[in-house]
Amino acid sequence: MGYNAVVDGGFAALAAVLIAGCSASGGNVSISTATPSSTLSGVGLVFVADIWVDNWFSMTANGAQIAEDVEPITQERSFNAQSVEFTATYPLTLTVVTKDFMENASGLEYIGTDKQQIGDGGFIMQVREKESGKLVTATSPAWREFTIQRAPVNVDCVTSPDPLAECESSALEEPNGWQDPSFDDSSWSNATAYSADEVKPMRGYDEIAWDATASLIWGADLKVDNVLLWRTTVAKPG
Ligand SMILES: [Ca+2]
Ligand SMILES: [Ca+2]
C-alpha cells in the first residue's frame with residue numbers, strides 16, 4: 001500500500017489519502033511510495049522515513065496519519081522494515097505508537113509452549129529529506145516516550161501455567177491530543193537506548209543503512225513495556 005500525504009505544519013490539514021499500486025516489497029523491507037499529486041505539488045518537502053519495530057508501529061506527521069506497519073500485531077514474529085515517503089512542512093512533529101507483541105493481557109507470548117516468555121520490544125527510525133538526503137531526525141534518547149501498557153508487572157508469572165489469571169498488567173488511556181504538534185510532552189520520559197545485542201533486531205533491520213546516530217530505543221523496560229507513545233519535533237532548519 002502507499003500513502004499520499006501532505007501534512008501542513010499548522011493545521012493538521014490534509015488526511016493521508018490511501019492510494020493503490022505504489023508499493024514494493026523486497027525481502028523484509030516494504031517501501032511505500034508517496035506520489036504527490038499535481039494539485040499538491042509544491043506544498044512542503046518530501047521526506048523518507050525508515051522504520052523497524054519489534055513488533056508494530058503507526059505514525060503521524062504534524063497530526064496526520066501517514067503510515068502503519070504492514071505486518072499485523074497479531075503475530076509473534078512480526079519483524080519488518082518499512083520505508084515511507086510523505087510530504088510535510090517544518091516544524092515537523094512526528095508521533096509514533098509502538099507495540100510489542102503480547103498473546104494476551106498477561107504480556108507473555110508462546111504461552112503453553114516450551115518457549116513461553118516475556119517478549120521484548122525495540123524501535124529504530126530515521127527520517128531524511130528526500131531531495132537533499134539530509135538526515136532530519138533519528139531515534140535517540142532525546143525522543144519523548146510515554147508507556148501506556150505494561151505487562152506482566154509481576155514478572156515471576158512468566159512460568160505460570162495460567163498467565164492470564166496470574167500475570168498483572170497496567171494500562172493507561174492515550175492522552176487527549178497527544179499527536180497534536182502543540183501537545184505538551186514535558187512530563188514524558190526520555191527514550192532509553194539499547195544496543196543491537198540487547199534488542200537482537202532481525203528480518204529487515206539489516207536491509208536498511210542506518211545512520212550512526214540512529215539508536216534502538218524503547219521504554220525503561222525492554223520486556224515489560226508493551227505499548228508506547230513517542231514524540232519528536234524537528235525545528236525548521238535555520
Ligand atoms: Ca517482541
Ligand atoms: Ca513485552
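Remark: the backbone N or O of A67 is paired with a side-chain donor or acceptor of Q65 at under 3.5 angstrom. N226 places no side-chain N or O within 3.5 Å of a backbone atom of G107 that could act as its donor or acceptor partner. When atom types are taken as modelled, the side chain of R150 and the backbone of V224 share no donor-acceptor pair closer than 3.5 angstrom. Between the D225 side chain and the W218 main chain, no donor and acceptor come within less than 3.5 Å of each other.
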### Query
Given Y194 and T192, is the side chain to side chain contact (heavy atoms under 4.5 Å, CB included) satisfied, shown in steps?
CA-CA 7 Å; Y194 294 91; T192 302; 3.6 Å; yes

### Task
Walk me through it: do V199 and F123 pass the test side chain to side chain contact (heavy atoms under 4.5 Å, CB included)?
CA-CA 9 Å; V199 175; F123 166 39; over 6 Å; no

### Query
Going through the checks in order, is the ring-ring contact (aromatic ring centres under 6.0 Å, His included) test met by Y110 and F101?
CA-CA 10 Å; Y110 300 106; F101 174 79; 7.8 Å; no

### Task
Before giving the answer on side chain to side chain contact (heavy atoms under 4.5 Å, CB included), spell out for F47 and V84 the whole-Å C-alpha distance, their side-chain angles and the decisive distance to 0.1 Å.
CA-CA 8 Å; F47 296 89; V84 177; over 6 Å; no

### Message
Show, in sequence, the C-alpha distance, side-chain angles and deciding distance for T137 and W143, and conclude whether the side chain to side chain contact (heavy atoms under 4.5 Å, CB included) test is met.
### Response
CA-CA 10 Å; T137 187; W143 281 47; 3.5 Å; yes

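The side-chain heavy atoms of N190 and R144, taken from C-beta on, include a pair separated by under 4.5 Å. Between T139 and W230, the closest side-chain pair of non-hydrogen atoms is not below 4.5 Å. With contacts defined as side-chain heavy-atom distances shorter than 4.5 Å, the pair L108/C167 qualifies. Looking at E103 and P163, their side chains never come closer than 4.5 Å, going by heavy atoms from C-beta outward. The side-chain heavy atoms of Q126 and I208, taken from C-beta on, include a pair separated by under 4.5 Å. The side-chain heavy atoms of I118 and P152, taken from C-beta on, include a pair separated by under 4.5 Å. The closest side-chain heavy-atom distance from F86 to L92 is below 4.5 Å. Looking at E145 and I217, their side chains never come closer than 4.5 Å, going by heavy atoms from C-beta outward.
Criterion: ILVMFWY side-chain heavy atoms under 4.5 Å apart, direct or through other members. Under it, M102 and L222 are not part of a common hydrophobic cluster. By the rule that hydrophobic residues join a cluster once side-chain heavy atoms approach within less than 4.5 Å of another member, I111 and V155 end up as members of one cluster. Both L172 and L229 belong to a single network of hydrophobic side chains, linked directly or stepwise wherever heavy atoms of I, L, V, M, F, W or Y lie under 4.5 Å apart. Under the 4.5 Å side-chain heavy-atom criterion for grouping Ile, Leu, Val, Met, Phe, Trp and Tyr, L135 is not connected to V127 through any hydrophobic cluster.
Pairing each heavy atom of W52 with each of M202, the nearest pair is NE1-O, 2.8 Å. In terms of heavy-atom proximity, D100 sits nearest to G119 at OD2-O, 3.0 Å. Minimum interatomic distance between E168 and N154 (heavy atoms only, all atoms of both residues): N-OD1, 2.7 Å. Minimum heavy-atom separation, M125 to M59: CE-CE, 3.4 Å. The minimum heavy-atom distance between P201 and A196, with the atom names listed, is CD-O, 3.3 Å. Nearest heavy-atom pair, A105 versus S169, reported as atom, atom and distance to 0.1 Å: O-CB, 3.5 Å.
Between the side chains of S83 and E85, no donor-acceptor pair of N or O atoms lies under 3.5 Å. A donor-acceptor pair shorter than 3.5 Å cannot be found between the side chains of D197 and S195.
Expressed to the nearest 0.5 Å, how far CZ of R231 lies from CG of D184 amounts to 8.5 Å. The CD1 atom of I124 sits 4.5 Å away from atom CG of L216, with the distance rounded to the nearest 0.5 Å. In this structure, NZ in K223 is found 7.0 Å from CD in Q117, a value given to the nearest 0.5 Å. Of the inter-residue distances, the one linking N55 atom CG with K99 atom NZ reads 11.5 Å to the nearest 0.5 angstrom. Atom CG of D211 and atom OG of S140 lie 11.5 Å apart (nearest 0.5 Å). Note that CD1 of I66 is 6.5 Å distant from CG of L94, once rounded to the nearest 0.5 Å.
Here the rule is side-chain hydrogen bond (donor to acceptor under 3.5 Å, both in side chains) with T60, and of T95, D180, T93 only T95 fits it.
Between W178 and F183, the ring center distance fails the sub-6.0 Å criterion.
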